[in-house]
Structures are given as C-alpha cells and as structure tokens.
Amino acid sequence: MVVISVSNLKKSYPTKEIFDNVSFKIEKGEKVGLIGNNGSGKTTLFNVITGRDKKDSGEIYIPNEVKVGYLTQQLSLDSKKTIYQYCLAVFDNLISLEKEILDLTEKMSDPSLSEKELNKLMEVYAQKHQEFEDKNGYSYKSEITGTLIGMGFEPDDFDKEISILSGGQKARVELALLLLQKPDLILLDEPTNHLDIKAINFLENFVKNFSGSALIISHDRYFLDATIDKVYHLENNKLKTYKGNYTEFISQRKKELKVLKHTYKSQQKEIKRQEEIIERLKNQGGSLRKRGIAQSRSRQKLLDKMERVDKPFEESDSMNLKFTPRIQSGEDVLQVKDLKKSFDGKEIFKNISFSQYKKDRTAIIGENGIGKTTLFKIIMGELKADEGSLKLGSSVNIGYFDQEQKSLNTSNTIFEEISKAYPKLTNYQIRSYLAKFMFYADDVYRLINELSGGERARISLLKLMLSDCNFILMDEPTNHLDIDSKEILEDAILDYEGSVLIISHDRYFLNKVAVKILEMRNDGMDEYLGNYDYYVKKIKEKNQDEENFPTVSQTKLKKDQKKQKMAQKEIRKAKNKLKAIEESLEKIEEEINDLTMLTVKEDFYKDQDFVVETFDKLKSLEEKKQELSDTWLEMSLSLEES
C-alpha cells in the first residue's frame with residue numbers, strides 16, 4: 001500500500017528555486033532518510049507535504065485513511081500544561097464525547113420528560129455510547145500512561161510542567177504525542193537533536209519497530225544506518241533515490257560522483273570546443289561569410305538544445321577548516337581531581353577525575369542534565385567547583401565552541417563579528433576567511449540574528465580557527481552542521497596538533513575522532529581508551545560478566561534470597577489481585593450490557609423512577625469500570641517490571 005505519492009513537485013521563492021520536478025512514493029513500512037546539505041530544501045519539502053507551505057506546482061497524494069504525524073526540528077514546546085495534560089489533548093474528541101454521554105445521562109433522569117422526548121434522547125445516547133466504545137473510549141487514560149512509561153517517563157513525571165523540561169525530555173513528549181496519534185506515516189526533522197545517547201537509542205528502537213512508514217531528515221549518520229532502508233538525496237533542486245542505509249548511499253554516491261565529474265568535464269570541454277567553432281564560423285570572410293553564419297546558427301541551436309550536466313559537488317563549495325595552534329602546549333594539558341558541584345543545594349556531580357594530554361582527542365558522554373557543560377565552564381574559569389582541584393598545564397590556550405553560540409553578538413553583521421573579534425585582520429583577510437567558510441559577496445553583511453543554526457556554527461568554527469588555541473573545548477559541535485560540514489570538521493580535528501575535549505551525542509562523529517571516551521555520571525567518571533564502538537563493546541562485556549559471574553558475599557546472598565522470596569510472594573499476590581480485577585470487570589461489563597438492553601425495551605420509560613435509577617446505576621458502573629481498568633494497567637506495568 002502506498003502511504004504517500006509525490007509527482008513533479010516544485011517550490012521556489014522570489015530569489016531562489018528550492019526544488020523542481022520532485023517525485024517519489026513511500027510504501028507502508030518503508031523507512032526513508034532525506035539527505036541534503038543545509039539550505040537544500042528538506043524542511044521546506046516537509047512543510048509542503050504537511051500543508052504548512054504552498055507548492056508552486058505538482059501533486060501530493062495521501063490516501064484518506066492515512067494519518068500523517070510530524071515532529072518538527074525546532075521544538076516550540078513552552079507550555080504551562082503538564083506532560084499528562086499535553087498528551088490528553090490527543091483525545092479531545094473522545095473527552096467531548098464522554099461529556100456528551102454524561103450530559104445525556106443526566107437529562108434522561110429528568111422525571112418531567114415526556115416519553116417522546118425520552119425516546120429521542122435515548123436514541124442519541126445509544127448512538128454516542130456505541131461510538132465511544134468503538135473508539136476505545138474507556139482505555140484512553142490507560143493508553144497515555146502506557147505510552148509515557150514506554151518513552152522513559154516515570155508516573156511521578158506526569159505532573160511536571162512542560163516549560164521546565166530539558167530539550168531531550170520535550171522531544172520525548174512530542175514523540176509520545178506522535179505515538180498516541182497513531183500515524184501511518186511519520187515525518188521526523190532532525191529527531192536526534194537535543195537527545196542524549198540513551199534517548200537516541202530509544203528512538204532508534206522505536207523507528208525500527210514502528211509498523212508504519214517514516215521519512216526522516218537527519219545528519220546523524222549512525223542513526224540513519226540503524227533505521228533506514230532507502231535514501232532520498234536532495235541536491236541541485238532535484239531528488240534522487242538510493243537503496244540501502246546511509247553508508248551504502250555514501251559508497252554509491254562516491255562512485256557516482258567520479259563518473260559525474262568526468263562527464264561534466266567532458267561536456268564542458270565539448271561545449272568550449274563548439275563555442276570556438278561557432279565563433280570561427282561567424283568570423284569567416286569573403287564568399288564563405290554567408291555560409292559560415294548559417295552553419296554557426298545551426299551549431300548554436302544544437303548547442304542550446306544540449307542537456308547540460310549539473311556541476312557536481314566540489315571541495316571548493318564547502319567549508320575550508322584547519323586548526324593551527326600558534327604555540328604548542330606542554331605534554332600535560334589538564335588534570336582534574338575529585339570535582340564536585342551543586343546548585344541551590346542540589347548536587348549536580350561529584351568525584352569527577354580525569355587527565356588530558358597533548359594531542360588527546362577525548363569525548364565526554366552522559367545523560368542530559370548530568371553536568372557536562374557545567375564541567376566545561378569550571379575548566380574555563382566561568383564557574384567555581386565546590387570541592388576538588390583543577391590544574392591547566394604550561395602554555396595552554398583554551399578555545400571554546402558553545403553549542404548555543406551565545407558568544408556570537410546577534411546584532412553584529414557577519415563581517416563585524418569577525419573584525420571586532422580580530423581587529424588586526426584587514427578587510428581583504430576577513431573576506432578571504434569568510435569565503436573559505438562559504439560566506440560570499442553581500443552575505444558578509446547579513447546579521448548574525450538572521451542566520452540559521454548551521455551558518456552560526458560555521459562562524460563559531462571560523463572564530464575558533466582564528467584564535468590560535470592549543471586546547472579546544474567543543475560542546476555538541478556537530479549540532480546544526482550538515483553531513484559534508486561534519487566530515488570537514490572531523491578531518492580538521494584529526495589533523496589538529498593540539499588537544500581536544502568534546503561533549504557529543506553524535507556516535508558516528510565520536511567513532512571517527514575520539515581516542516578516549518569519558519562516561520560521566522553524577523557520582524564519578526569512567527574512562528575507556530577507544531572510540532564509541534569500543535566503549536559499547538566494553539559496556540556489553542561488563543554487563544555480560546556481571547550476569548555470568550556475579551560477585552556477592554554470603555551475607556548479601558542470603559539477603560538477596562530473602563528479598564527474592566518476598567518479591568515472589570508479592571508477585572503471587574499481585575497476580576491474584578489482577579485476576580480478581582479481571583473477574584470484576586467481566587461482571588461489570590455484563591451488568592452494563594444487561595442494563596443497556598433493558599433501556600431499549602418499549603415499556604422501559606413508563607416508570608420514571610426506575611429510569612432515573614437505571615441510568616444512575618449505569619453511570620456508576622461506567623465509573624467503576626474506568627477505575628478498575630486504570631488499577632489493572634498500573635498493576636500490570638508494575639508486575640511486568642518485577
């Protein structure tokens with residue numbers, strides 16, 4: 001079954017064509033990655049599909065029964081609602097229907113109603129009640145609870161206000177909302193931004209196991225490899241399809257680029273040759289002039305009709321980044337011992353110890369909120385640790401890449417940002433550097449405030465490159481960078497003669513650049529001498545060893561056995577209670593059915609007192625059923641965890 005079909009789609013703005021003649025279709029169950037450089041039109045394509053932007057021409061066909069869910073790149077969640085209330089909004093129609101049923105119940109219990117009025121109300125009630133049951137009306141609260149728990153939230157989190165949540169938590173709330181909407185096709189725009197590695201792994205599993213279809217914009221190459229089976233590549237306003245995951249796409253793309261470059265150069269050579277012939281024919285003198293002009297026009301027509309090969313991507317079209325420290329640091333760059341930090345009496349981390357040496361490429365990983373950025377601020381002297389010591393080595397000059405680019409003055413133009421930071425540079429030098437970072441001509445007079453996340457990241461990297469630092473701290477440097485820019489950054493770090501300490505959740509990036517992984521917890525830090533895959537391997541081995549060879553004392557063993565017996569006893573009790581609830585629910589269901597059948601009998605409305613009593617009982621039974629259903633779900637989830 002085709003969930004979406006797009007034909008000859010075109011979109012442009014007054015000064016720029018975004019894409020043209022875009023066609024594709026996605027079958028049920030397909031997971032597709034939408035790849036392309038920043039500014040290539042990926043998000044615009046999503047906005048056109050969802051109706052947020054208007055298309056210029058072309059057709060988009062989505063079957064009526066197909067529901068589309070969209071997770072945007074820029075999360076605008078700043079609601080005063082709680083997590084639970086926010087998700088509850090998915091079921092507004094059901095909640096309204098439930099209220100209508102309760103209102104009808106109250107109206108039908110009015111003894112002053114005539115038999116005709118009562119019959120009419122009863123008919124509407126039966127219709128609404130059936131619709132409510134058909135839409136699983138009695139289970140929507142349980143559904144919200146189960147989905148939020150599946151997204152990693154604890155029941156205690158449900159009443160938290162959304163405005164106080166971290167970026168990663170907000171992303172998980174949006175994903176929960178997406179699940180509750182039960183879409184057949186999900187559009188995900190940079191879904192791994194702001195997520196820590198644990199949350200990214202959860203999202204990966206969700207996408208892999210999702211029975212519907214997905215179209216995903218992402219610069220997270222590791223995530224794409226794990227989730228997709230097809231790639232749509234948007235480049236030069238055109239869309240091309242490749243089978244396989246991201247790594248397979250890159251392999252095909254590199255081969256294709258070689259052929260494309262050769263074809264382009266050959267065609268350009270032929271065009272130049274034809275133009276020279278045309279020019280010679282035009283300039284022929286004497287008796288040959290008339291014939292030469294006719295031949296030149298004929299050749300020109302053929303040349304104009306020639307289908308031109310688009311210029312393939314060249315290195316000159318990309319950022320030119322190279323970090324060169326002016327002064328070399330000593331061998332010991334940084335020594336951190338037993339650092340501790342708290343805010344407003346709440347402990348963020350403690351027992352943080354590690355060493356950083358010259359030419360080390362070290363990555364710090366850990367859950368969001370664990371204090372990684374706070375640690376960077378302590379290293380730079382912006383914050384003081386509560387306990388512990390920190391020592392920088394000799395001749396160490398720190399450079400900092402801030403993930404939020406707060407160091408950029410948003411009221412400056414691009415040119416002013418560089419000239420004010422480095423006043424000794426000439427105008428020519430500044431323009432030359434900006435050109436290396438793909439800011440040309442009048443681009444340099446754009447305000448920082450008008451730039452995209454990727455463009456701001458490029459400016460921050462240029463400032464870092466010009467700083468002559470020999471110890472670079474990078475906080476999520478690959479956020480907002482397109483894949484080509486990420487690869488350039490990776491190469492620059494690999495060539496760097498200084499020391500690099502990086503906070504990142506980009507596992508592909510970590511695999512390529514890191515030689516040491518520091519896993520940060522709130523009570524300490526573990527060191528792994530390798531890249532991200534090495535870290536994962538060691539964690540698996542460690543978990544396996546703990547399963548196979550648990551080291552426990554005899555006293556602890558006896559305590560554990562006692563706990564286990566108690567747990568088993570509690571589990572048996574819980575199972576018995578669940579069984580009792582299920583039996584009660586069956587009896588209530590039977591009573592509801594019996595009473596409902598009673599209300600459709602012709603002589604039912606003759607005794608008004610009996611009518612009121614019956615509907616009161618129905619209302620009470622429905623409430624009891626909902627209460628028992630909620631208890632059953634809560635106990636089932638608890639039992640499953642046990």
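Computation of the quantities below employed the complete heavy-atom set of this structure, encompassing side-chain atoms and omitting hydrogens, waters and symmetry-equivalent molecules.
- Side chains of Leu339 and Ser353 form no contact here, defined as non-hydrogen atoms less than 4.5 Å apart.
- Scored by the ring pair (Phe, Tyr, Trp, His ring centres under 6.0 Å) test, Phe471 finds no partners at all (sequence neighbours excluded).
- For the residue pair Glu497 and Thr324, no side-chain donor N or O sits within less than 3.5 Å of a side-chain acceptor on the partner.
- Here the rule is side chain to side chain contact (heavy atoms under 4.5 Å, CB included) with Pro191, and of Ile217, Ile186, Ile216 only Ile216 fits it.
- Judged as a ring pair (Phe, Tyr, Trp, His ring centres under 6.0 Å), and not counting sequence neighbours, Tyr433 has no contacts.
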**OP:** Could you walk me through whether Lys358 and Glu331 pass the salt bridge (charged side-chain N to carboxylate O under 4.0 Å, His left out) test, one step at a time?
**Re:** CA-CA 5 Å; Lys358 186 179 178 181; Glu331 196 61 35; 5.4 Å; no
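- The two residues Ile327 and Ser395 make their nearest non-hydrogen contact at CG2-CB, 4.3 Å.
- Summarising the geometry of Ile503 relative to Pro477, their closest heavy-atom pair is O-CD, 3.6 Å, with the distance given to 0.1 Å.
- Side-chain contact, Arg507 with Asn531: no donor N or O sits under 3.5 Å from an acceptor N or O.
- Donor-acceptor pairing under 3.5 Å is recorded for the side chains of Asp475 and Thr373.
- Counting only distance, with no hydrogens or angles, the side chain of His233 and the backbone of Ile35 share no donor-acceptor pair below 3.5 Å.
- For Lys372 (side chain) and Glu367 (main-chain N/O), a donor-acceptor pair under 3.5 Å exists by modelled atom type.
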Original post:
Please walk me through it: do Met474 and Leu464 pass side-chain contact (heavy atoms from CB on, under 4.5 Å)?
Top reply: CA-CA 10 Å; Met474 290 187 155; Leu464 197 58; 3.8 Å; yes
**OP:** Please report the C-alpha distance between Ile162 and Thr82 in whole Å, then the side-chain angles of each, then the deciding distance to 0.1 Å, and finally whether the side-chain contact (heavy atoms from CB on, under 4.5 Å) criterion is met.
**Re:** CA-CA 6 Å; Ile162 282 172; Thr82 66; over 6 Å; no
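- Side-chain contact check for Arg521 versus Ile352: every heavy-atom pair is 4.5 Å or farther apart.
- A donor atom on one side chain and an acceptor atom on the other are found under 3.5 Å apart for Ser355 and Gln335.
- A heavy-atom distance below 4.5 Å is not found between the side chains of Phe437 and Leu434.
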Subject >> Working for salt bridge (charged side-chain N to carboxylate O under 4.0 Å, His left out), residues Glu161 and Lys80 >> reply: CA-CA 6 Å; Glu161 205 174 277; Lys80 293 292 181 185; 3.8 Å; yes
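- Both tests pass for Arg458 against the ring of Phe439: distance under 6.0 Å to the centre and angle within 45° of the axis.
- Side-chain contact between Asp229 and Asn245: absent, with no pair of heavy atoms (C-beta onward) separated by less than 4.5 Å.
- Just one of Tyr528, Tyr534, Tyr535 meets the ring pair (Phe, Tyr, Trp, His ring centres under 6.0 Å) condition when paired with Tyr532; it is Tyr535.
- A salt bridge between Asp506 and Lys486 is present, with a side-chain N of the basic residue lying under 4.0 Å from a carboxylate O of the acidic one.
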Subject >> Chi angles and distances behind the side chain to side chain donor-acceptor pair (under 3.5 Å) call for Asp225, Thr247 >> reply: CA-CA 7 Å; Asp225 269 349; Thr247 298; 2.5 Å; yes
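- Using modelled atom types, one finds no donor on one side chain facing an acceptor on the other under 3.5 Å when comparing Asn351 with Lys340.
- For Thr478 against Ser504, the heavy-atom pair with the smallest separation is OG1-OG, 4.4 Å.
- Arg361 places a side-chain N or O within donor-acceptor distance of the main-chain N or O of Val513, the cut-off being under 3.5 Å.
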Original post:
Can you check side-chain contact (heavy atoms from CB on, under 4.5 Å) on Asp189 and Leu34, steps first, answer last?
Top reply: CA-CA 9 Å; Asp189 193 349; Leu34 181 57; over 6 Å; no
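- Contact of the Leu215 side chain with the Lys31 side chain is not registered, since no non-hydrogen atoms from C-beta on lie closer than 4.5 Å.
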**OP:** Evaluate the side chain to side chain donor-acceptor pair (under 3.5 Å) criterion for residues Asn397 and Asn470: first the C-alpha distance (whole Å), next the side-chain angles of each, then the deciding distance (0.1 Å), finally the verdict.
**Re:** CA-CA 5 Å; Asn397 180 21; Asn470 53 28; 5.7 Å; no
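- Shown here is Lys208, whose NZ atom has more than 12 heavy atoms of other residues, nucleotides or ligands within 6.0 Å.
- A donor-acceptor pair is defined here as one N or O able to donate and one able to accept, closer than 3.5 Å; no such pair exists between the side chain of Asp360 and the backbone of Gln356.
- Taking all atoms of both residues into account, the shortest heavy-atom contact from Ala514 to Ala363 is CB-CB, 4.0 Å.
- When all heavy atoms are compared, the tightest approach of Pro325 to Gly498 is CG-N, 4.2 Å.
- In this structure, Lys341 satisfies the cation-pi test against Phe343, with its NZ or CZ atom closer than 6.0 Å to the six-membered ring centre and inside 45 degrees of the ring normal.
- No donor-acceptor distance shorter than 3.5 angstrom exists from the side chain of Asn412 to the backbone of Leu408, with no hydrogens or angles considered.
- With sequence neighbours excluded, the residues that form a side chain to side chain contact (heavy atoms under 4.5 Å, CB included) with Ile250 are Tyr246, Lys254.
- Under the side chain to side chain donor-acceptor pair (under 3.5 Å) criterion, Lys160 pairs with Asp157, sequence neighbours left out.
- Glu248 places none of its side-chain heavy atoms less than 4.5 Å from the side chain of Tyr242.
- For Tyr508, there are no ring pair (Phe, Tyr, Trp, His ring centres under 6.0 Å) partners two or more places apart in sequence or in a different chain.
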Original post:
Are Glu417 and Lys463 close enough, and set up right, to give a salt bridge (charged side-chain N to carboxylate O under 4.0 Å, His left out), and what steps lead you there?
Top reply: CA-CA 9 Å; Glu417 185 67 22; Lys463 288 178 73 175; 2.7 Å; yes
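- Other residues, nucleotides and ligands contribute only 12 or fewer heavy atoms inside 6.0 Å of the NZ atom of Lys377.
- Using a cutoff of 4.0 Å between basic side-chain nitrogens and carboxylate oxygens, Lys230 and Glu30 are scored as salt-bridged.
- Across all their heavy atoms, Ala457 and Phe401 have their closest contact at O-CE1, 3.7 Å.
- Within the structure, the ring pair (Phe, Tyr, Trp, His ring centres under 6.0 Å) test picks out no pair touching residues 344-392 (sequence neighbours left out).
- Between Ile418 and Leu425 the shortest side-chain heavy-atom distance falls below 4.5 Å.
- At a cut-off of 3.5 Å, with distance as the only test, no side-chain donor of Ser407 or Asp402 sits close to an acceptor on the other residue.
- Under the 3.5 Å distance criterion, the side-chain polar atoms of Ser213 are matched with a main-chain donor or acceptor of Gly29.
- Side-chain atoms of Asn37 and Ser40 form no donor-acceptor pair, as typed in the model, at a separation below 3.5 Å.
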Subject >> Chi angles and distances behind the salt bridge (charged side-chain N to carboxylate O under 4.0 Å, His left out) call for Lys346, Asp344 >> reply: CA-CA 6 Å; Lys346 184 184 176 183; Asp344 300 325; over 6 Å; no
**OP:** Give the intermediate values and the outcome of side-chain contact (heavy atoms from CB on, under 4.5 Å) for residues Ile144 and Phe91.
**Re:** CA-CA 10 Å; Ile144 294 171; Phe91 300 100; 3.6 Å; yes
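- A 4.5 Å side-chain heavy-atom check between Arg456 and Thr410 finds at least one atom pair inside the cut-off.
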